Amino acid sequence: MYEQFYNLRERPFNLTPDPRFIYFTEKHCEALANLVYGIRERKGFIVLSGEVGTGKTTLISALLDTLERTGILSAFVFNPVLSTAEFFEYLLADLNLKCDTRSKSQVLIKLNSLLLERYRTGQATVLIIDEAQNLSTDLLEEIRLLTNLETASEKLLQIVLVGQPELSLKLNSPELRQLKQRISLRCNLDPLTLFETKEYIRTRLEIAGQPNQQIFPDPSITEIYRFSSGIPRLINSICDNALLAGYACDSKVVEVKMIYEVADDLELGDGKRSISRRAQAPLAVSTMSATETTESPFPGSSGPDMRSPKSESESFDLFVQFVDKLKDHTE
């Protein structure tokens, strides 16, 4: 609706986890590097945790896209509220395996055969489970037993559990102590800082076709940060609604009063109280020098080009280099 008004190719603040719009903070780079390392080195269990809306699913979408491009077979379970039988049925379907899923022994035989075949040819296989805090204790135990599919030196199946902080609490429970001992890597995503919020907004607008961000002035960004607490999903929601409000008011600039109105409509923080005080000066914005501005280490691209045919090892090396460059750029 407002895209043409702001000279945008597309809406920059959709709530869907589009990997093209991922903004890499230092924490995102660290988490992605851990995931890549854990999968490449066949570490077995990896846990990625973070508060609601901090970008876990978006990060996993980027990882899945990379795994597909590098020829690594993956299964992705996005709704873990399943019985054990339903879980195995879903897993086999995602791995393109066919057998009688009513027979657990047949399922494990088929799965083990596939994993061994891929291992002999130097290929990795990954299982990623989102919203893992909702897994039942019984199903978590079944997933733990999948790591018994191994050679004398390496795990045949790499498992990534992704979830909210409640996942860590669940894994610390006494009945899951065996699973906890098998977790080789843990990483966490934190909310954005004020500076990262500014760069997040700038980056998404640039990808959407607005390279010189002048829509959201610094005082408005400060209020966006305050109402969102640095949670990317809330930032998206506020910015999308604020662009719509600016369009309705025929304003090319999203003013602070529009942020107050949007916060009130979304029932965020002290929106109503802020509206009554919106004539007052907004909070001061931290000084950000030109040297602090983060630009993509790959101009005009959201990531390394992995479409040319390469071996899994070569492609993974490229991706590791990409993660390292991102990490260096944020330090």
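Bear in mind that the values here come from a model prediction, so they are computed numbers and not experimental data.
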Review point. Considering all heavy atoms of both residues, which atom of Lys180 and which atom of Arg186 are nearest to each other, and what is their separation?
Key: CG-NH2, 3.9 Å
Practice item. Considering non-hydrogen atoms only, spot the tightest contact between Gln133 and Val162 and give its length. Key: OE1-O, 4.4 Å
Point to revise | Residue pair Arg204 / Asn236, side-chain heavy-atom distance below 4.5 Å | key: yes
Point to revise | Residues in salt bridge (Lys or Arg N to Asp or Glu O under 4.0 Å) contact with Glu41, at least two apart in sequence or another chain | key: none
Point to revise | Test item: Glu142 and Asp138 side chains (from C-beta on) under 4.5 Å apart, heavy atoms | key: no
Point to revise | Salt bridge Lys170-Glu166, side-chain N to carboxylate O under 4.0 Å | key: no
Exercise for review: State, with a plain yes or no, whether a side-chain heavy atom of Gln123 is found less than 4.5 Å away from one of Ile72.
Suggested key: no
Exercise for review: Could you tell me which non-hydrogen atom of Val254 sits nearest to which non-hydrogen atom of Ser220, and how far apart they are?
Suggested key: O-OG, 2.7 Å
**Study point:** Under the salt bridge (Lys or Arg N to Asp or Glu O under 4.0 Å) test, residues paired with Lys56 that sit two or more places apart
**Key:** none
**Study point:** Whether Glu3 side chain and Met1 backbone form a donor-acceptor pair below 3.5 Å
**Key:** yes
Review point. Do Phe21 and Phe13 have side chains that get closer than 4.5 Å, going by heavy atoms?
Key: no
Exercise for review: Look up atom CZ in Arg120 and atom CG in Leu156, then write down how far apart they are to the nearest 0.5 Å.
Suggested key: 9.5 Å
Point to revise | Non-hydrogen atoms of Val253 and Pro217 that approach each other most closely | key: CG1-CD, 3.6 Å
Exercise for review: Establish, from distance only, whether the side-chain atoms of Glu86 and Ser83 form a donor-acceptor pair under 3.5 Å.
Suggested key: yes
Practice item. For Leu234 and Ile224, run side chain to side chain contact (heavy atoms under 4.5 Å, CB included): C-alpha distance rounded to whole Å, both residues' side-chain angles, the deciding distance at 0.1 Å, then the answer. Key: CA-CA 9 Å; Leu234 290 179; Ile224 292 170; over 6 Å; no
**Study point:** Atom pair OG1/CD of Thr25 and Glu30 - distance to nearest 0.5 Å
**Key:** 9.5 Å
Practice item. Check whether any side-chain N or O of Asp94 sits under 3.5 Å from a backbone N or O of Tyr90 as a donor-acceptor pair, and report yes or no. Key: no
Point to revise | Side-chain heavy atoms of Leu8 within contact of Tyr2, under 4.5 Å | key: yes
**Study point:** Listed once per pair and sorted, the ring pair (Phe, Tyr, Trp, His ring centres under 6.0 Å) pairs that draw on residues 229-258, sequence neighbours left out
**Key:** Phe5-Tyr247
Point to revise | Gap between atom CD1 of Ile183 and atom OG of Ser168 - 0.5 Å precision | key: 8.0 Å
Practice item. Say whether, by atom type as modelled, one donor and one acceptor occur between the side chain of Thr203 and the main chain of Tyr23 under 3.5 angstrom. Key: no
Pair up each side-chain donor or acceptor in residues 44-53 with any protein partner under 3.5 Å, not counting sequence neighbours, and list the distances.
unit_1, atom_1, unit_2, atom_2, d
Ser49, OG, Asn188, OD1, 3.1

Point to revise | NZ/NE/NH1/NH2 to OD/OE distance under 4.0 Å, Glu196 and Lys27 | key: no
Review point. Do Ser61 side-chain atoms and Thr57 backbone N/O form a donor-acceptor pair below 3.5 Å?
Key: yes
Check your understanding: Should the ring pair Phe76 and Phe78 be called parallel, tilted or perpendicular, given that the plane angle runs from 0 to 90° and is split at 30 and 60?
Key -> tilted
Check your understanding: Which residues satisfy the salt bridge (Lys or Arg N to Asp or Glu O under 4.0 Å) test with Asp240, sequence neighbours excluded?
Key -> Arg11
**Study point:** Under 3.5 Å donor-acceptor, Gln158 side chain and Val160 backbone
**Key:** no
**Study point:** Gap between atom CD1 of Ile60 and atom OG of Ser74 - 0.5 Å precision
**Key:** 10.5 Å
Review point. Is the shortest heavy-atom distance from the side chain of Leu91 to the side chain of Val77 under 4.5 Å?
Key: no
Check your understanding: After noting the C-alpha distance and the side-chain angles of Ile221 and Tyr200, does the key distance pass the side chain to side chain contact (heavy atoms under 4.5 Å, CB included) rule?
Key -> CA-CA 10 Å; Ile221 292 176; Tyr200 177 85; over 6 Å; no
Check your understanding: Going from CD1 on Ile22 to CG on Leu59, what distance comes out if it is rounded to the nearest 0.5 angstrom?
Key -> 4.5 Å
Exercise for review: Measure the spacing between OG1 of Thr125 and CG of Leu114 and express it to the nearest 0.5 Å.
Suggested key: 5.5 Å
Point to revise | Side chains of Leu171 and Leu167 in contact at under 4.5 Å (non-hydrogen atoms) | key: yes
Review point. Hey, quick one: are Leu95 and Leu116 part of the same hydrophobic cluster, counting side-chain heavy atoms closer than 4.5 Å, chains of contacts allowed?
Key: yes
Practice item. Measure from the side-chain N and O atoms of Asp18 to the backbone N and O of Arg20, and report whether any donor-acceptor pair falls under 3.5 Å. Key: yes
Practice item. Over all heavy atoms of both residues, which pair between Arg182 and Asn148 is shortest? Give the atoms and the distance, please. Key: NH1-OD1, 3.0 Å
Review point. Any sub-3.5 Å donor-acceptor pair from Thr147's side-chain atoms to Ile143's backbone N or O?
Key: no
Point to revise | Donor + acceptor pair across side chains of Gln210, Tyr6 (<3.5 Å) | key: no
Exercise for review: Return the set of residues passing salt bridge (Lys or Arg N to Asp or Glu O under 4.0 Å) with Glu141 (not counting sequence neighbours), or none when no residue passes.
Suggested key: Arg144
Practice item. Grab the two heavy atoms, one from Leu139 and one from Thr84, that are nearest each other, plus how far apart they are. Key: CD1-CA, 4.1 Å
Point to revise | Evaluation steps, side chain to side chain contact (heavy atoms under 4.5 Å, CB included), between Cys249 and Glu255 | key: CA-CA 11 Å; Cys249 296; Glu255 300 174 358; over 6 Å; no
Practice item. Report yes if some heavy atom in the side chain of Leu268 is under 4.5 Å from a heavy atom in the side chain of Ser228; otherwise report no. Key: no
Check your understanding: Quick check: does any side chain N or O of Arg177 sit under 3.5 Å from a backbone N or O of Pro174, one acting as donor and the other as acceptor?
Key -> yes
Review point. Side chain to side chain contact (heavy atoms under 4.5 Å, CB included) between Leu189 and His28: does it pass, once the steps are laid out?
Key: CA-CA 7 Å; Leu189 292 182; His28 282 81; 4.1 Å; yes
Review point. Between Thr70 (side chain) and Thr66 (backbone), is there a donor-acceptor pair under 3.5 Å?
Key: yes
